[in-house]
Amino acid sequence: MPARTRRPRRNDALSAALGYFRDLGVREVHLPKRTATPAPDVPVVPPLTVPRPARALPATAVAVEPAATVPARSRFPDLSSVQAAVASCQLCGLCRTRTQTVFADGTGRSRLMFVGEAPGADEDATGVPFVGRAGQLLTKMVESGMGLSRGDVYIANVLKCRPPANRNPEPSEIASCRPYLDAQIDLVKPSVLVALGKFAAQFLLETEEPISRLRGRWGSRGGIPVMPTYHPSFLLRQPDRKKEAWEDLQQVLHKLGLPVPRKKGESGS
Ligand code: URA
């Protein structure tokens, strides 16, 4: 009797997609309400959207089934496709409380990439990372401190949506957002990454060590040197720690082969 090939089951695609996110550590997904229709001008990137099942699943969180592994990388051809996927993302509950997603600032051709934690109220309102008080300090560190222009660097966050009341990101939210930052790093291919604060440092270096131990010491993510330093929000609360952050940024300038600008009052001889 000839061997019979199994016809693909109707929910194989769903299993594969859910398995993909399960392999990334995502434990639940939030399905759009059945009445929701995607904005017509927002392209949806198929592999990162969870396909609608043939049979209705509960409109709340569903358990992720075990399934095939799909490589996390190389799903996005360019930054605009990542941005489009972020704009329509509903992989965690933050999609319900955000005003808008906050993707990145910069051209994507930068040698230096900063990674922060998550948007705050100002970023949620404008859609641009690091524009509030912490952002103004970051801009000052880049421009007055490092002698670069903010437009020379690429800035993104671990989370693309604001956690309510600026609470810490949840591990499940970080896991849901992980493919986006991974893709941004893969596509920008910076020469150096600067991790701003605990959440960025722990994400990039895949460690649980505290920022106090990580800062100032080079790490690596996929061969890219990573310099963890203090988050500008922390520096606003503890200005006496700016000296250490400045030492970290000087190491970054050295690594990039760039001169360290003299501070006002320093003599050249
Ligand atoms: N803090 C962050 O970590 N990111 C922002 O975009 C703003 C504040």
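What you see is a predicted model, and the numbers here were worked out from it, not measured in a lab.
M113 is listed as a side-chain neighbour of L181, based on a closest heavy-atom distance under 4.5 Å. Here the side chains of P228 and I211 are in contact, with some heavy-atom distance below 4.5 Å. I224 is listed as a side-chain neighbour of P190, based on a closest heavy-atom distance under 4.5 Å. Taking 4.5 Å as the limit, every side-chain heavy atom of S110 sits out of range of all side-chain heavy atoms of D152. Between L159 and P163, the closest side-chain pair of non-hydrogen atoms falls below 4.5 Å. Under the 4.5 Å side-chain criterion, counting only non-hydrogen atoms from C-beta, R162 is not in contact with V102. Annotation: side chain of C177 is not in contact with side chain of L94 (no heavy-atom distance under 4.5 Å). At a threshold of 4.5 Å between non-hydrogen side-chain atoms, the residues P119 and N157 count as touching.
The only member of L196, N168, N166, V158 that meets side chain to side chain contact (heavy atoms under 4.5 Å, CB included) when paired with E117 is N168. Only one option out of V192, V142, T107 pairs with V153 in a side chain to side chain contact (heavy atoms under 4.5 Å, CB included); it is V142.
Distance CH2/W218 to CG/L205: 11.0 Å, rounded to 0.5 Å. From R217, atom CZ reaches atom OG1 of T229 across 13.0 Å, with rounding to the nearest 0.5 Å. Going from atom CG of L249 over to atom CD of E244 covers 12.0 Å, rounded to the nearest 0.5 Å. Rounding to the nearest 0.5 Å places OG1 of T207 at 8.5 Å from CZ of R213. Here the CZ atom belonging to R111 is positioned 12.0 Å from the NZ atom belonging to K255, to the nearest 0.5 angstrom. Between the NZ atom in K189 and the CD atom in Q184 there is a gap of 13.5 Å [rounded to 0.5 Å].
For R109, the CZ atom is loosely surrounded, since the number of other residues' heavy atoms within 6.0 Å does not exceed 12.
For R98 and D124, the salt-bridge test fails: no basic side-chain N is under 4.0 Å from an acidic carboxylate O. Electrostatic pairing of D182 and R221 counts as a salt bridge here, judged by a charged N lying under 4.0 Å from a carboxylate O. Contact check on R167 versus E173 returns a salt bridge, with a Lys/Arg side-chain nitrogen under 4.0 Å from an Asp/Glu carboxylate oxygen.
F234 does not carry R241 over the face of its six-membered ring by the limits of under 6.0 Å from the centre and within 45° of the normal.
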> Step by step, would you call D240 with K243 a side-chain contact (heavy atoms from CB on, under 4.5 Å)?
Replying inline: CA-CA 7 Å; D240 53 320; K243 185 172 167 291; over 6 Å; no
> Do L204 and I185 pass the side-chain contact (heavy atoms from CB on, under 4.5 Å) test, and can you show the C-alpha distance, the side-chain angles, and the key distance before you say yes or no?
Replying inline: CA-CA 10 Å; L204 292 174; I185 295 169; 3.6 Å; yes
> What's the verdict on side-chain contact (heavy atoms from CB on, under 4.5 Å) for W246 and L235, showing C-alpha distance, side-chain angles and the deciding distance?
Replying inline: CA-CA 11 Å; W246 173 230; L235 296 174; over 6 Å; no
>> Please determine whether side-chain contact (heavy atoms from CB on, under 4.5 Å) holds for the pair F103 and Y180, giving the CA-CA distance in whole Å, both sets of side-chain angles, and the decisive distance to 0.1 Å.
In response: CA-CA 9 Å; F103 183 63; Y180 303 134; 5.5 Å; no
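Summarising the geometry of G116 relative to A200, their closest heavy-atom pair is O-CB, 3.8 Å, with the distance given to 0.1 Å. Minimum heavy-atom separation, Q251 to G216: NE2-O, 2.9 Å. In terms of heavy-atom proximity, A87 sits nearest to T101 at CA-OG1, 3.6 Å. Taking all atoms of both residues into account, the shortest heavy-atom contact from C161 to A118 is O-CB, 4.3 Å. Heavy atoms only, all atoms of each residue included: C92 and S176 are closest at CB-OG, 3.9 Å. Smallest separation of non-hydrogen atoms from S81 and P77: OG-CD, 3.2 Å.
The closest donor-acceptor contact from the side chain of K242 to the backbone of P239 lies at 3.5 Å or more, if one exists at all. Formation of a donor-acceptor pair under 3.5 Å by the S144 side chain with backbone atoms of M141 is not found in this model. Between the side chain of Q202 and the main chain of E209, a donor-acceptor pair closer than 3.5 Å is present.
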Considering only distance and modelled atom types, tabulate donor-acceptor pairs under 3.5 Å from the side chains of residues 125-140, sequence neighbours left out.
{"residue": "T126", "atom": "OG1", "partner": "D122", "partner atom": "O", "Å": "2.8"}
{"residue": "T126", "atom": "OG1", "partner": "V128", "partner atom": "N", "Å": "3.3"}
{"residue": "T139", "atom": "OG1", "partner": "G135", "partner atom": "O", "Å": "2.8"}
{"residue": "T139", "atom": "OG1", "partner": "R150", "partner atom": "NH1", "Å": "3.0"}

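In this model, no donor atom of one side chain and acceptor atom of the other lie less than 3.5 Å apart for K160 and Q83.
In terms of hydrophobic clustering, with Ile, Leu, Val, Met, Phe, Trp and Tyr side chains grouped at heavy-atom distances under 4.5 Å, V115 and Y154 are assigned to a common cluster.
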